[in-house]
*Asks:* 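Handing you this structure, nothing more for now.
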Amino acid sequence: MSGKVKQIIDAIVAHRSRGNPSMAGFVRAKLMLKGIDPSKYTDTSSDDPEVLRKLEALARELGVDLPGPGAGVSWRPPPSSGPQR
């Protein structure tokens, strides 16, 4: 499947930046420091299995819900944030 790397990157960026464009840049820079260049991947680029494994592990570590096939990426607060009712 092509484009899965891009979907995971977008999900991580959306989750960590919480919709803030400035923070999104920092998240992308952090991915680059981890050896993953977000600008290198598009919806049609082929998926590298090693990069997929790295991103999936990072997403699990950060508590990011990974999108299913064809799903759009939207931000929602992590379960621990916000007032408890």
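For the numbers below, each heavy atom of this structure counts, side chains included, while hydrogens, waters and symmetry mates do not. Everything numeric here is computed off the predicted structure, so don't read it as measured data.
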*Asks:* Nearest 0.5 Å, what's the CD1-CG distance between I36 and L55?
*Replies:* 4.0 Å
*Asks:* Taking the side chain as every heavy atom from C-beta outward, state whether V5 and D48 have any pair of such atoms under 4.5 Å apart.
*Replies:* no
*Asks:* To the nearest 0.5 Å, what is the distance between CG on L31 and NZ on K40?
*Replies:*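 Taking CG in L31 and NZ in K40, the distance rounds to 13.0 Å.
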*Asks:* For the atom pair NZ (K54) and NZ (K34), what is the distance rounded to the nearest 0.5 Å?
*Replies:* 9.5 Å
*Asks:* Any side-chain heavy atom of Y41 within less than 4.5 Å of one from D47?
*Replies:*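 When only atoms from C-beta onward are counted, D47 and Y41 do not touch, as no gap falls below 4.5 Å.
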*Asks:* When clusters are formed by joining ILVMFWY residues with side-chain heavy atoms under 4.5 Å apart, either directly or through shared neighbours, do L52 and I12 land in the same one?
*Replies:*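 L52 and I12: one cluster.
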*Asks:* So V64 and L58, do their side chains get closer than 4.5 Å, heavy atoms only?
*Replies:*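 Result no, sub-4.5 Å side-chain heavy-atom pair not found.
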*Asks:* What are the two closest non-hydrogen atoms of I8 and E56, and how far apart are they?
*Replies:* CD1-CG, 3.8 Å
*Asks:* Is the side chain of D43 donor-acceptor paired with the backbone N or O of K6 at a distance under 3.5 Å, no angle test?
*Replies:* no
*Asks:* How close do A24 and V13 get, counting heavy atoms only, and between which atoms?
*Replies:* CB-CG1, 3.7 Å
*Asks:* About how many Å separate CZ of R28 and CG of D10, when rounded to the nearest 0.5 Å?
*Replies:* 7.0 Å
*Asks:* Examine distances only and state if a side-chain atom of D37 and a backbone atom of M32 form a donor-acceptor pair shorter than 3.5 Å.
*Replies:*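 No, because the side chain of D37 does not come within donor-acceptor range (under 3.5 Å) of the backbone of M32.
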*Asks:* Could you state the interatomic distance from NZ (K4) to CD1 (I9), rounded to the nearest 0.5 Å?
*Replies:* 13.0 Å
